[in-house]
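Quick notes on the structure that follows.
Proteins get letters first, then strands, A, B, ... in listed order; numbering begins at 1 in each. Every value quoted in this text rests on a predicted model; they were computed, and no experiment measured them.
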Amino acid sequence: MCTTCGCGGNDTLINGMAVSRRNLNRPSNRNGDAPSAGRLLFRPHHHHDPAPAAAAIRRVQVERNILAKNDALAADNRAFFAGHNILALNLVSSPGSGKTTLLVRTIESLKGRVAMAVIEGDQQTDNDAERIRATGVHATQINTGKGCHLDAEMVGHALDDLPPLDGGVLFIENVGNLVCPAAFDLGEAAKVVVLSVTEGEDKPLKYPDMFRAAQLLLLNKCDLLPHLSFDIELAESHARRVNPDIRIIRLSATSGEGMNDWVAWLDAQRTTITKRT
Amino acid sequence: MHEMSLAESVLQIIEESARTQNFQRVRTVVLEIGALAAVEPDAMRFCFDAVTHGSIAEGARLEILDKPGEGWCVDCNKTVLLCERFGLCPECGGARVEITGGNEMRVKDLEVE
């Protein structure tokens, strides 16, 4: 379990409203109440009636991938994006790497030219969605409760809330966490990992799954480099060690340096999506 | 990794199997977890017990089969054992190793009644 991030709850909210999770449709033998993993953990122990006489025991072959359901829902999301020529990007990072500031700056760069929307994932609050909405762009806030990552089902629910976005870009800002979101496909075209230079150069080695899963690494807050001992070449070599194919862009959402490279990358990805149809 | 979500997915798979295979209780759950799948077996056990409480798998024994990590070393031109993701080749020390096994995360089979 993610004991560090306290994940595990099912009390997901979208724009503050509870959503029924399909995976909670469990048999009615769960004492009749809606299960929530957080509560299940602390449910008082109770004793059961003596077991009935042993029934015949048999073995059942299952052979199923544990992530199969998420992967199937991610495929649904991916089909939706393909059907509408939407470039969907899954932005992942540690908390505090500057993802929301980067998004606000990116929206300013693309506004008027590209249709955009944002899905914000956080355990609590809609502060990030509010910051996006202040730019005039639609933002749907998913509050995962105790959950430490977005999954394909949450994103699928949030898609119902989207304005028409044909040919546009959907930014999915995942919960700040470099561990859990790596395994959960949301149906995105690419994962973009944001690493700020105020963090350690060895983050790619400490959290290799995430850097391995990403197509693009944005090294953010580069305007601060003169004040830090951060060795940017070392950070890049660590990222390339776990993912030799990763594209790396150095930028600063605050000063604007490198933003043109990031916007050019986005345009190139959009062209790829449009050409596919 | 996210063992709580994984444990919930395991329970779903069990409950779907119960409907199609017609059983009421689960005695043993056998998972196949690769050494490189980034799943902590102890965390998985803890979450499995929590998630299955009150379900048809309550009290079931969780058996976790390890699958060794394996990679193809481009420089040695052969399959080598890997103890960690993105680890170096144990024979030549090189980094050009593609993971070929040990990523598994499967519900293999169940003992039911």
For [X], give me all partners under side-chain contact (heavy atoms from CB on, under 4.5 Å), at least two apart in sequence or on another chain.
X: T79(B); answer: E70(B), W72(B)
X: A235(A); answer: E201(A), F230(A)
X: R78(A); answer: D185(A)

Segment of [X] engaging chain A (4.5 angstrom heavy-atom cut-off):
X: V26(B); result: neither
X: E32(B); result: neither
X: I33(B); result: side chain

Checklist entry - Which residues in residues 89-96 of chain A have any heavy atom lying under 4.5 Å from a heavy atom of chain B? => result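 Hits under 4.5 Å: none found.
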
Item to check | V179(A) side chain near D209(A) side chain, heavy-atom distance below 4.5 Å | outcome: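 No - every pair of side-chain heavy atoms lies 4.5 Å or more apart.
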
Checklist entry - Which bit of R59(A) comes within less than 4.5 Å of chain B, counting heavy atoms only: side chain, backbone, both or neither? => result both

Item to check | Under 3.5 Å side-chain donor-acceptor pair for T100(A) and D128(A) | outcome: yes

Next on the checklist: We want to know whether T140(A) and D161(A) form a side-chain donor-acceptor pair, criterion being a heavy-atom distance below 3.5 angstrom.
Outcome noted: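 Yes - a donor-acceptor pair under 3.5 Å links their side chains.
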
Next on the checklist: Heavy-atom pairs under 4.5 Å with chain B - which of N65(A), L205(A), N70(A) has more of them than the others?
Outcome noted: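 Of the options given, most contacts go to N65(A).
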
Next on the checklist: Between the side chains of E16(B) and R64(A), is the shortest nitrogen-to-carboxylate-oxygen separation below 4.0 Å, so that they form an ion pair?
Outcome noted: yes

Next on the checklist: Parallel, tilted or perpendicular, judged at 30° and 60°: which one describes the rings of H2(B) and F184(A)?
Outcome noted: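 If you compare the ring of H2(B) with that of F184(A), the planes turn out perpendicular.
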
